[in-house]
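Quick notes on the structure that follows.
Order of appearance sets the numbers: ligands from 1, and atoms from 1 within every ligand. Numbers here simply count residues along the sequence, with the first being 1.
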Amino acid sequence: PLVGAAAGQIVVGDSTSVNVFKAVVAATRLAALAGGGRDEILVDATTFPTDGYIAASAARLTGHRIVPVDPADVPAALGDRTAAVLLNQVDFRTGRLHDLPALTAAVHAAGAIAVWDLCHSAGALPVGLDEHGVDLAVGCTYKYLNGGPGSPAYLYVAERHQAAFDSPLPGWNSHADPFGMTPDYTPADGSVRGRVGTPDIVSMLTLEAALDVWDGVSVDAVRAKSLALTDFFLECVEAYVPVGRVTSVTPVAHAERGSQVALRCDEAEPVMSRLIERGVVGDLRRPDVLRFGFTPLYVGFADAERAARVLAEVLEEIPAD
Ligand SMILES: Cc1ncc(COP(=O)(O)O)c(C=O)c1O
């Protein structure tokens, strides 16, 4: 329910990076089943780096060509040669929310397979994987799903693709009879064919506890709080921070905003170190972005106000360049 997927389509395990590899290679194989001649993989040019590195390797292995493209330009870049498209629902640097329904529809209209990375959206906003007909998706559980450092990632395989989903990492644990130990590989039915080897049981158990917290929580309510938090943080920044020291690169429009605020700041590096020393833990995105993530389940409005206030104090201490 957290990502709008009916039961039986998500398998939890491995890292997001590994799941990106499975998804991209499997997407090219699904595309090939529908007809030949598709030799391009479109990849979000602003992607979190791991997706780009892994898609490039997947392309080399499968004989495809990578076409880097800004998400907004995907519709124009699609064509008969497009096999698969790998996109992030929310940009990890700016917090921009891309239009998953429209982009997925455009990918399908071109006859290609849509693979979405949900790392920065799942647990912060409604995703609607089934509703929008997404083919494959991956994501982590250690951001808005609160699974804890190093908690396992997940892979979504839409039910209609499961019988043809051909994993590039067919391990014993995705076998139809894992303990049969047969020399031949027969994939399990359903999304569990996305498994590989031994699961990370300790991390799975902490994740299970983290997910229990979501029972009875509506993602729409979480989204409403997330937007209220980021709006309020931006208001506090405007009220406290001297004009010109930071500029938000996060879209103002709610329809284009994830659950983070990214502020461009010339002194970003020393500023983030001082913020962290004072308990305001954000991320530095070099060279000049301060990123603040708002996890609605446990970040409150007082936290947002304090973060902006401490930011203003730190900027007083660190003169402008
Ligand atoms: C959008 C995105 N994709 C992929 C990854 C990589 O995830 P992992 O380290 O679990 O492989 C991250 C990590 O932060 C991410 O933000």
Enumerated ligand 1 atoms positioned under 4.0 Å from heavy atoms of [X]:
X: Asp51; value: 3 (N), 4 (C)
X: His120; value: 1 (C), 15 (C), 16 (O)
X: Lys143; value: 12 (C), 13 (C), 14 (O), 15 (C), 16 (O)
X: Thr50; value: 4 (C), 5 (C), 6 (C)
X: Asn88; value: 1 (C)

- prompt: So, is Thr16 polar-close to ligand 1, with some N/O to N/O distance under 3.5 Å?
  reply: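 There is such a contact, yes.
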query: Is the shortest N/O to N/O distance between Asp117 and ligand 1 below 3.5 Å?
result: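 Yes - when backbone and side-chain N and O of Asp117 are compared with those of ligand 1, one distance drops under 3.5 Å.
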Note: [X]-[Y] ion pair, threshold 4.0 Å (strictly below):
X: Arg264; Y: Asp288; value: yes
X: Arg160; Y: Asp135; value: yes
X: Glu317; Y: Arg278; value: yes
X: Asp283; Y: Arg291; value: yes

field: Of Val237, Leu229, Thr230, Asp231, the residue whose pairing with Phe233 passes side chain to side chain contact (heavy atoms under 4.5 Å, CB included)
entry: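 The passing option is Val237.
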task: Using a 4.0 Å heavy-atom cut-off, say whether Val20 meets ligand 1 through its side chain, its backbone, both or neither.
output: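 Val20 to ligand 1: no contact under 4.0 Å from either part.
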- prompt: What part of Phe92, side chain, backbone, both or neither, has a heavy atom within less than 4.0 angstrom of ligand 1?
  reply: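 Neither; no heavy atom under 4.0 Å.
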field: Protein contact to atom 8 (P) of ligand 1 [nearest heavy atom, distance to 0.1 Å]
entry: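 Its nearest protein heavy-atom neighbour is Tyr142 OH, 3.3 Å.
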message: Starting from atom 11 (O) of ligand 1, what is the nearest protein heavy atom, named by residue and atom, and what distance separates them?
response: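 Looking only at protein heavy atoms, the one closest to atom 11 (O) of ligand 1 is Ser17 OG, 2.5 Å.
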- prompt: Can you tell me if Asn19 and Tyr156 form a side-chain donor-acceptor pair at under 3.5 Å?
  reply: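 Distance-only check fails for Asn19 and Tyr156.
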task: Check the angle between the aromatic planes of Phe48 and Phe92 and answer parallel, tilted or perpendicular using the 30° and 60° thresholds.
output: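 Rings of Phe48 and Phe92: perpendicular, over 60°.
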field: Results of ring pair (Phe, Tyr, Trp, His ring centres under 6.0 Å) for Tyr240 - residues two or more places apart only
entry: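 Ring pair (Phe, Tyr, Trp, His ring centres under 6.0 Å) list for Tyr240, sorted by chain: empty.
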